[in-house]
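These values consider heavy atoms only, across backbone and side chains, with no hydrogens, waters or symmetry-generated copies.
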Amino acid sequence: MRINANFSEPVAMRAQMIDWVASPMPGVERRMLDRVGEEVARATSIVRYAPGSHFAEHTHGGGEEFIVLEGVFQDEHGDYPAGTYVRNPPGTHHIPASEHGCTIFVKLWQFDPRDDVQMVRNLRQIGRDLPQTDQGFGQATLFENAGEKVSIEKWSAGQGRQWTADGGHEILVLQGSLQWQGETYSKNDWLRLPDGFAVDLTAGDGGALLWTKSQHLRDVQS
């Protein structure tokens, strides 16, 4: 299966426009943003757990990172409420579930095999406390190594930025909205911009809180 598998092209996806697709586990559905492979795949998805649903125990051979967008995600290690960001490096395993239902943004099989950092961060708290410059822009780094940088960014209303996506750039809108090429992207919408792409974005009237990943698409094969 190949969905948005040409990593040399920009992609912009409105979450509400994507159909839910059933997973192998009852009550678990996915909106597929990009995918290279079948059930075991390099994949970026929005996943919805119905109340009482679960996924079979599994090991993350290629690592996993996710953000809880709504509800409470659970596994044997604890509860993860909306706004939680989790990194599970290669070799970790768990039994994901949700007693009352949840929605998560998740990326699979995209870790450096040497990455052994496990992390749980509260993005809502970070976003509330994030200072902004006089230009109306604030950033906090969540994770960084030689091959990627993951951040949370807060843009004030109407704030614009122009840059070149060195190594690629990925954006998930957590709150507010962004405008790009005459279109508006709101909560849970996702953009993926290739290495070397010229980026010109503007925050909407309510500003924007963004999860971003950069420098990680330079060597990805389309």
- Query: Under 6.0 Å from the NE2 atom of His58, do we count more than 12 heavy atoms belonging to anything else shown?
  - Reply: yes
- Message: Salt bridge or not between Glu148 and Lys213? Use side-chain N to carboxylate O under 4.0 Å.
- Response: yes
- Message: Assess the residue pair Trp211 and Phe105 against the criterion (ring pair (Phe, Tyr, Trp, His ring centres under 6.0 Å)); give the C-alpha distance rounded to whole Å, side-chain angles, the decisive distance to 0.1 Å, and a yes or no.
- Response: CA-CA 11 Å; Trp211 174 89; Phe105 169 85; 5.4 Å; yes
- Query: Which atom names give the shortest non-hydrogen contact between Val36 and Ala41, and what distance separates them?
  - Reply: O-CB, 3.4 Å
- Any side-chain heavy-atom pair of Leu33 and Ile18 under 4.5 Å: yes
- Query: For Val106, does its backbone N or O pair with a side-chain atom of Ser45 as donor and acceptor, under 3.5 Å?
  - Reply: no
- Item | Minimum heavy-atom distance Ala203-Ser156, with the two atoms named | CB-O, 3.3 Å
- Message: Has Thr141 got a side-chain atom pairing as donor or acceptor with Phe143's backbone, closer than 3.5 angstrom?
- Response: no
- Task: Treat each ILVMFWY residue as a node, draw an edge where side-chain heavy atoms are under 4.5 Å apart, and state whether Val72 and Met25 are in one component.
- Result: no
- hydrophobic_cluster_shared for Leu191 and Trp155, side chain cutoff 4.5 Å: yes
- What heavy-atom pair brings Arg121 and Leu142 nearest, and what distance separates the two atoms? NH1-O, 3.8 Å
- Message: I'd like to know whether Gln74 forms a side chain to side chain contact (heavy atoms under 4.5 Å, CB included) with Glu99, so could you lay out the CA-CA distance, the side-chain angles of the two residues, the decisive distance to 0.1 Å, and finally the verdict.
- Response: CA-CA 8 Å; Gln74 298 164 304; Glu99 180 180 0; 3.4 Å; yes
- Would you say Glu39 and Pro24 make side-chain contact, with heavy atoms under 4.5 Å? yes
- Residues Arg192, Glu170: salt bridge by 4.0 Å N-O rule: no
- Taking atom CG of Asp205 and atom OG of Ser177, what is their separation to the nearest 0.5 Å? 7.0 Å
- Item | Shortest non-hydrogen separation from Arg124 to Ala82 and the atoms involved | NH2-CB, 3.4 Å
- Query: Is there a side-chain contact between Thr92 and Gln118 (heavy atoms, below 4.5 Å)?
  - Reply: yes
- At what distance, to the nearest 0.5 angstrom, does OG of Ser98 lie from NE2 of His54? 12.5 Å
- Task: Look at the side chain of Thr202 and the backbone N and O of Gly160, then say whether any donor-acceptor pair between them is shorter than 3.5 Å.
- Result: no
- Item | Heavy-atom check, side chain of Phe137 versus side chain of Lys154, under 4.5 Å | no
- Message: Within the 4.5 Å heavy-atom criterion, are Ile67 and Leu123 side-chain neighbours or not?
- Response: yes
- Separation between OH of Tyr80 and CG of Asp75, rounded to the nearest 0.5 Å: 4.0 Å
- Task: Would you please classify the geometry between the Tyr49 ring and the Phe73 ring as parallel, tilted or perpendicular, with 30° and 60° separating the classes?
- Result: perpendicular
- Test Asp166 against Arg218 for salt bridge (charged side-chain N to carboxylate O under 4.0 Å, His left out), laying out the working first. CA-CA 8 Å; Asp166 182 21; Arg218 185 175 287 108; 2.7 Å; yes
- Message: Are Val120 and Phe66 connected into the same hydrophobic cluster when the rule is that any two of I, L, V, M, F, W, Y join if their side-chain heavy atoms are below 4.5 Å apart?
- Response: yes
- Is any side-chain heavy atom of Leu172 less than 4.5 Å from a side-chain heavy atom of Leu210? no
- Item | Straight-line distance of Gln16 CD to Ile46 CD1, nearest 0.5 Å | 8.5 Å
- Task: Check the surroundings of atom NE2 in His77: do more than 12 heavy atoms from other residues, nucleotides or ligands lie under 6.0 Å from it?
- Result: yes
- Query: Counting N and O atoms only, with roles assigned by atom type, does the side chain of Glu76 sit under 3.5 Å from a partner on the main chain of Ile95, one being a donor and the other an acceptor?
  - Reply: yes
- Should Asn188 and Glu70 count as side-chain neighbours, where that means a heavy-atom distance under 4.5 Å? yes
- Run through Phe7, Trp163, Phe197 and flag the one making a ring-ring contact (aromatic ring centres under 6.0 Å, His included) with His169. Trp163
- Message: Contact between Pro194 and Pro10 at the side-chain level, heavy atoms closer than 4.5 Å - yes or no?
- Response: yes
- Query: Same cluster for Val28 and Met32 if Ile/Leu/Val/Met/Phe/Trp/Tyr side chains link at under 4.5 Å?
  - Reply: no
- Query: Can you list the steps and then say if Arg161 with Glu153 is a side chain to side chain contact (heavy atoms under 4.5 Å, CB included)?
  - Reply: CA-CA 12 Å; Arg161 286 190 66 206; Glu153 300 183 7; 3.6 Å; yes
- Message: Could you walk me through whether Glu57 and His93 satisfy the side chain to side chain contact (heavy atoms under 4.5 Å, CB included) test, starting with their C-alpha distance in whole Å, then the side-chain angles of each, then the deciding distance to 0.1 Å, before giving a yes or no?
- Response: CA-CA 7 Å; Glu57 181 176 8; His93 63 89; 3.5 Å; yes
- Message: Would Asp195 and Leu217 count as a side chain to side chain contact (heavy atoms under 4.5 Å, CB included) here? Give the steps.
- Response: CA-CA 6 Å; Asp195 181 22; Leu217 299 175; 5.5 Å; no
- Nearest heavy atoms of Leu178 and Ala208, plus distance in Å: CD2-CB, 4.2 Å
- Note on the structure: One should read off an interatomic distance between Ser53 OG and Glu29 CD, to the nearest 0.5 angstrom, of 9.0 Å
- Query: How long is the span from the OG atom in Ser151 to the CD1 atom in Ile126, to the nearest 0.5 Å?
  - Reply: 10.5 Å
- Message: When you measure from the side chain of Gln110 to the backbone of Glu64, do you find a donor-acceptor pair of N or O atoms at a distance under 3.5 Å?
- Response: no
- Task: Please name the pair of heavy atoms, one in Asp115 and one in Pro90, separated by the smallest distance, quoted to 0.1 Å.
- Result: O-CD, 3.4 Å
- Message: For Cys102, is there any backbone N or O sitting under 3.5 Å from a side-chain donor or acceptor partner on Arg48?
- Response: no
- So does Arg87 pair up with Glu65, basic N to acidic O under 4.0 Å? yes
- Message: So if I apply the side chain to side chain donor-acceptor pair (under 3.5 Å) rule between Asp34 and each of Thr44, Asn6, Asn4, which one comes out positive?
- Response: Thr44
- Message: Using only atom types and a distance under 3.5 Å, with no angle test, would you say the side chain of Glu38 pairs donor to acceptor with the backbone of Met1?
- Response: yes
- Query: Are Val11 and Ile3 linked, directly or through other ILVMFWY residues, by side chains that come within less than 4.5 angstrom of each other?
  - Reply: no
